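Since this is a predicted model, take the numbers as computed values, not measurements. Numbering of residues begins at 1 and proceeds along the displayed sequence. In each ligand, atom 1 is the first atom listed, and ligand 1 is the first ligand listed. Worth knowing before you read on, the calculation uses all heavy atoms, side chains too, and leaves out hydrogens, waters and symmetry mates.
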Amino acid sequence: MPLEEFVAGWISGALGLVLGHPFDTVKVRLQTQTTYQGIMDCIVKTYRHESLLGFFKGMSFPIASVAVVNSVLFGVYSNTLLLLTAASHQERRTQPPNYPHIFIAGCTGGLLQSYCLAPFDLIKVRLQNQTEPRVQRGSSQPRYRGPTHCAVTILREEGPQGLFRGAWALVLRDTPTLGFYFVTYEGICRQYTPDGQDPSSTTVLVAGGFAGIASWITATPFDVVKSRMQMDGVKKKEYKGMLDCMVSSFRQEGVGVFFRGLTINTARAFPVNAVTFLSYEYLLRLWR
Ligand SMILES: CN(C)C(=N)NCCC[C@H](N)C(=O)O
């Protein structure tokens, strides 16, 4: 089994994350705090009060987890394509796989990555939703003091299955959307690349960016459900299950609820996935 795809996926995932983290911070603050009037207001206030560093708060934990998850995604995708088509990454330029194969390989990568992502993502969302200011002497402690404390507390209070809360919504979010992700990427690359040649850097950047946008547009409804399921049970248990969460969110907030965070998600998706694919392709060509 070729391992380069796993390593390239690991490094490219980490690079994409660093670039996307400021957008993620703004998205989380807008979703969880009421003090901001919009995206620009949040950016200006964060910069004024905390300087550029404010946008990179809490990046170390996601960097470790996203790198692992991206490595699983790209590694499984590439190896599934190898199984389906018997063509390695190098041979794929001369013998391009068909779109159903790309879609199946993307869905397989998405399915497996969502299992690895579930506990990491749950911890990230729980920490991001803590709105208490930094701990000062004498002030009350936030519920979770960091990623390890958060994991231990969830295990103690909710059992091992607590770490997989919202995992079904995550599987439904990632399985089909990662199929679309790779189909969009390959489709744009093929459109702008002469037969048998490698796509140019510009093509890879544009195709990666649009693949990110296409996948996040389709992923956002289940992303909202997933985050709500992950937060359920922190204070009290509100939903009987995923379907109940969807129905009661829709009844209380209308259809718009399933598109919360769409603007900032798509704005973030372009640079993150452009850099992820560019570094992934670059590393694989370097090791060829
Ligand atoms: C819609 N989804 C879940 C994805 N496209 N996932 C794969 C890309 C992940 C990338 N690190 C990002 O955060 O955009």
> Parallel, tilted or perpendicular for F180 and F103, by the 30°/60° rule?
Replying inline: tilted

> Nearest to atom 11 (N) of ligand 1, what protein heavy atom do you find, and at what distance?
Replying inline: V272 CG1, 4.2 Å

>> S215 versus ligand 1: do any nitrogen or oxygen atoms come within less than 3.5 Å of each other?
In response: yes

> Which atoms of ligand 1 sit under 4.0 Å from any heavy atom of L178?
Replying inline: 4 (C), 5 (N), 6 (N), 7 (C)

> Are any of the side-chain nitrogens in E157 or R126 under 4.0 Å away from the carboxylate oxygens of its partner?
Replying inline: no

>> So that I know where these two stand, are F222 and F258 an aromatic pair - ring centroids less than 6.0 Å apart?
In response: no

> Is there at least one pair of N or O atoms, one from N273 and one from ligand 1, spaced under 3.5 Å apart?
Replying inline: yes

> Which one of W216, F222, F74 has a non-hydrogen atom at the shortest distance from atom 12 (C) of ligand 1?
Replying inline: W216

>> So if I count the atoms of ligand 1 from 1 in the order they appear, which ones are less than 4.0 Å from some heavy atom of D174?
In response: 3 (C)

> Quick one: are K226 and V125 in side-chain contact, heavy atoms under 4.5 Å?
Replying inline: yes

> Just how far is it from atom CD of E158 to atom CZ of F164, taken to the nearest 0.5 Å?
Replying inline: 13.0 Å

> How does A219 reach ligand 1, by side chain, by backbone, by both or by neither, if only non-hydrogen atoms under 4.0 Å count?
Replying inline: side chain

> Any idea which atoms of ligand 1 are less than 4.0 Å away from a heavy-atom of R268?
Replying inline: 12 (C), 13 (O), 14 (O)

>> Quick check: F210 with F270 (ring centres under 6.0 Å apart)?
In response: yes

